[in-house]
Chemist: 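Below is a structure I'd like to ask you about.
Values below: all heavy atoms of this structure, side chains included; hydrogens, waters and symmetry mates excluded. Note that the structure is a prediction, hence the values are computed from the model and not measured.
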Protein chains: 2
Amino acid sequence: MVDVAKRAAVSVKTVSRVVNGEEGVRPDTKARVDEAIRQLGFRRNDSASDLRRGRAEGIGLIVENMSDPFYSVIGAAVERVARLQRHLLLMGSAEGSAERERDLTGAFLSRRVAGLIVVPAIEDHHWLAAELAAGTPVVFVDRPASGLSADAVLTDNDAGVRSAVEHLAARGHRNIGFLGDNPEFWTAGQRLAAFGSATAALGLRSDLTAMGPHEVEGIAALVETWTRDSDPVTALVTGNNRLSVTALRALRRVGKRLALVGFDDFELADMVEPAVTVVAQDPAAMGEQAAHLLFRRLAGEGGPARTVVLPTRLVVRDSSHLV
Amino acid sequence: MVDVAKRAAVSVKTVSRVVNGEEGVRPDTKARVDEAIRQLGFRRNDSASDLRRGRAEGIGLIVENMSDPFYSVIGAAVERVARLQRHLLLMGSAEGSAERERDLTGAFLSRRVAGLIVVPAIEDHHWLAAELAAGTPVVFVDRPASGLSADAVLTDNDAGVRSAVEHLAARGHRNIGFLGDNPEFWTAGQRLAAFGSATAALGLRSDLTAMGPHEVEGIAALVETWTRDSDPVTALVTGNNRLSVTALRALRRVGKRLALVGFDDFELADMVEPAVTVVAQDPAAMGEQAAHLLFRRLAGEGGPARTVVLPTRLVVRDSSHLV
DNA sequence: TTGTAGGCGTTATCAT
DNA sequence: ATGATAACGCCTACAA
């Protein structure tokens, strides 16, 4: 900047004003500065700017796995909003590890990012409270933070699962099996509980649940067991899209055509055989809302922590019509 | 850091040494400093560190679309390598726009990132040469940079397309249609050229190509035309995974069961009907290799620009066996 | 083993 | 409308 200032025969402060588009620079002065910038190929050093201002114009995003479509769509949405606000996106995968999540958080905070958007792993987050109080806003996505009151964007897991159960019940299914993830994951626990209450409310069996099996073999065995009964399971609800796909493979493997409703839509759900009915979430909206919440806080909005709960949508496809 | 120094009754330099794990600090001194750090909740300001060192410990990644599985897998691989090297990942979507690509590049360079990994949009990159010369390494992925000699990681498009054509020819197909993207995209052009040479080498027709149609309608109409002939097309090769899926939908729409081989594998390719034979690329390997190339340059490796060409793999599924 | 001085490039403050 | 000067927090070089 000094070089530019010299060449344009002005002070560095004037150069700074031009670079930042501030008011109060005569057009001809600005022109001289711009020309000097062009000639020297000058580019502002944002590290210095960040240091002086105390904050970096970037937001940190921590997801479980960047290559999972659910998270990459969230990431893309966050990045789009961030760009409109002239912020960069720093992104990392915690891979379900609380330690990595803390490391990433620490790295982002060291870089003095303007804010953080986090899909939290299983763990307590009270240690983040100090940072929050120190003025770095944090928004949680998909699952709320435990031990901490912070903004969050969630999906209406309860209504989503209920819509799946009611849909199947309306088609005459009485014994519905639920395949979920490890209930230590907040969403898995929520969906399991929702399955319990939805089935109970309709007078259906609530005990046909299995949390954990991820492999085709395990699920295939389970399906065999559930369908050997004199009063067999005739429909499945799966707790996330990976389980939907695995269940589909398992059903093919054992040659059973049970009805199936999956939580979370997935690419080509309409092209597989059978096309899978799903309870669709809207990950792009989740990312967008989270980023909006964050930038609102950055704009100085106060008040208590907000929680945005997004609705789900039942997308009926062929797998509803089996059995 | 001054606060920590005061509390531990040492100089800031000693604190700096402890924070950076440098040699030559007595254990008891280190213990005192660590305790002060803990008490004060101190966290190093990386903006200041970056400024002083002249480089940020982060790498910038520019892709076309963060939510596309191909790119998100590349991103995840880059991030993994970056983390091992204690670097953060800054990521953005250029969305096929040369202007956005330049903006993002500029933003990353302003932040003085250690290096750049770019999936280039259609355009000349000689303007980047100055930065390259100034010491910021750049690695291109999926397509090479034009007007600039830089490291690149590519897929062997020629061998990939050839393997598809030879596979179909071996199954007796003589009239193979090729559906590609706009040949302004480097990969699309490469694959089209490869199709031309592979068919010519086998004495097959090379003129059954269509570059551009992306919609089910357009492709359906094309298939109708190609199959109305007295000497009809019996097999298709598609130039990327979106086209594979669209072609699949189009074939269903018009009720034709042509053989199909797609370039690039996709999730559930084995579960759709018919399961689609593909020429698989390895995006995770591409991202990983690109990051390795970058860090090798950062470690001071000199020499001319390297180009790494990764092989493809033909994955045979049901769609090979039609007609 | 530990400390002092100076400067990285920018922006805020206060002058002019 | 423009400029001089002092931070921002850290690290390099050198000194003790």
Side-chain angles (χ1 to χ4, degrees), chain A residues 1-37 40-58 86 88 106-114 134-136, chain B residues 1-37 40-58 86 88 106-114 134-136:
Chain A
M1 224 172 221
V2 270
D3 300 337
V4 175
K6 271 189 199 123
R7 178 174 279 254
V10 296
S11 73
V12 284
K13 179 65 226 194
T14 297
V15 177
S16 172
R17 277 191 259 260
V18 171
V19 167
N20 293 298
E22 285 171 34
E23 300 290 293
V25 179
R26 270 213 319 262
D28 60 320
T29 312
K30 172 165 159 32
R32 265 206 338 277
V33 172
D34 282 334
E35 175 60 15
I37 287 175
L40 270 51
F42 167 82
R43 173 168 278 142
R44 179 179 68 188
N45 184 326
D46 283 343
S47 300
S49 178
D50 290 348
L51 171 59
R52 182 60 238 230
R53 296 204 230 247
R55 291 241 142 274
E57 297 195 323
R86 335 216 82 237
L88 288 178
F108 288 155
L109 290 172
S110 284
R111 201 127 264 142
R112 300 299 188 266
V113 292
T136 305
Chain B
M1 223 174 222
V2 269
D3 300 337
V4 175
K6 273 190 197 123
R7 180 174 278 256
V10 296
S11 73
V12 284
K13 178 65 231 196
T14 299
V15 177
S16 172
R17 277 191 259 261
V18 172
V19 167
N20 293 301
E22 285 171 34
E23 300 288 293
V25 179
R26 270 214 318 264
D28 60 319
T29 311
K30 172 166 158 35
R32 267 206 337 278
V33 172
D34 282 334
E35 174 60 15
I37 287 175
L40 270 50
F42 167 81
R43 173 168 279 141
R44 180 178 68 188
N45 185 327
D46 282 344
S47 302
S49 177
D50 291 347
L51 171 59
R52 183 60 241 241
R53 296 204 230 250
R55 291 241 143 273
E57 297 196 321
R86 336 218 81 235
L88 287 179
F108 289 155
L109 290 172
S110 283
R111 201 127 264 142
R112 301 297 188 267
V113 293
T136 305

Chemist: Between atom NZ in A/Lys6 and atom C1' in D/dG3, what is the gap in whole Å?
Modeler: 15 Å

Chemist: To the nearest angstrom, how far is B/Leu109 atom CG from C/dG9 atom C1'?
Modeler: 17 Å

Chemist: Flag the pair A/Asp50 and B/Arg111 as a salt bridge only when some basic side-chain nitrogen lies within less than 4.0 angstrom of an acidic carboxylate oxygen.
Modeler: yes

Chemist: Side chain of A/Thr14, heavy atoms from C-beta onward: which of D/dG3, D/dG9, D/dT5 has the nearest atom to it?
Modeler: D/dG3

Chemist: Mind checking B/Val10 for me? I need base, sugar-phosphate or nothing, with any heavy atom below 4.0 Å counting as a touch.
Modeler: sugar-phosphate

Chemist: Check whether any side-chain N or O of B/Ser110 sits under 3.5 Å from a backbone N or O of B/Gly106 as a donor-acceptor pair, and report yes or no.
Modeler: yes

Chemist: Which is true for A/Ala9 with a 4.0 Å heavy-atom rule: it touches a base, it touches only sugar-phosphate, or it touches nothing?
Modeler: sugar-phosphate

Chemist: For B/Glu57 and D/dC11, give me the distance from atom CD to atom P, rounded to whole Å.
Modeler: 10 Å

Chemist: Verify the contact: side-chain N or O of A/Ser16 to OP1 or OP2 of C/dT11, cut-off strictly under 4.0 Å; return yes or no.
Modeler: yes

Chemist: Using a heavy-atom distance cut-off of less than 4.0 Å, which residues of residues 18-28 of chain B contact DNA chain C?
Modeler: B/Gly24, B/Val25, B/Arg26

Chemist: In whole angstrom, give the distance that lies between atom CG of A/Asp46 and atom P of C/dT10.
Modeler: 9 Å

Chemist: Would you please say whether a donor-acceptor pair under 3.5 Å links the side chains of B/Arg44 and B/Asn20?
Modeler: yes

Chemist: Closer than 4.0 angstrom, basic N to acidic O: yes or no for A/Asp28 and A/Lys30?
Modeler: no

Chemist: As a quick check of understanding, evaluate side chain to side chain contact (heavy atoms under 4.5 Å, CB included) for B/Glu22 and B/Lys13, giving each step before the final call.
Modeler: CA-CA 11 Å; B/Glu22 285 171 34; B/Lys13 178 65 231 196; 4.1 Å; yes

Chemist: Please tell me which of the listed nucleotides, D/dA7, C/dT1, D/dT12, lies nearest to the side chain of B/Arg52?
Modeler: D/dT12

Chemist: Nearest-Å distance, CE (A/Met1) to P (D/dA4)?
Modeler: 16 Å

Chemist: Examine distances only and state if a side-chain atom of A/Arg55 and a backbone atom of A/Val113 form a donor-acceptor pair shorter than 3.5 Å.
Modeler: yes

Chemist: Using whole Å, what does the distance between atom P of nucleotide D/dC10 and atom CG of A/Asp50 come to?
Modeler: 14 Å

Chemist: Could you state the atom-to-atom distance from CG of A/Leu40 to C1' of C/dG9 in whole Å?
Modeler: 15 Å

Chemist: Just to be sure I understand the rule, does A/Arg17 reach a base, reach only the sugar-phosphate, or reach nothing, if contact means heavy atoms closer than 4.0 Å?
Modeler: base

Chemist: Looking at D/dA4, D/dA1, C/dG9, which one has an atom nearest to any side-chain atom of A/Leu51?
Modeler: C/dG9

Chemist: Between A/Ser47 and C/dG9, does any side-chain N or O lie under 4.0 Å from OP1 or OP2?
Modeler: no

Chemist: Any donor-acceptor pair, under 3.5 Å, between the side chain of A/Lys13 and the base of C/dA12, if you only look at N and O atoms?
Modeler: yes

Chemist: For A/Arg112 and C/dT10, what is the distance between atoms CZ and C1' respectively, to the nearest whole Å?
Modeler: 17 Å

Chemist: Can you name the nearest heavy-atom pair linking B/Val19 to B/Met1, along with the distance?
Modeler: CG2-CE, 4.1 Å

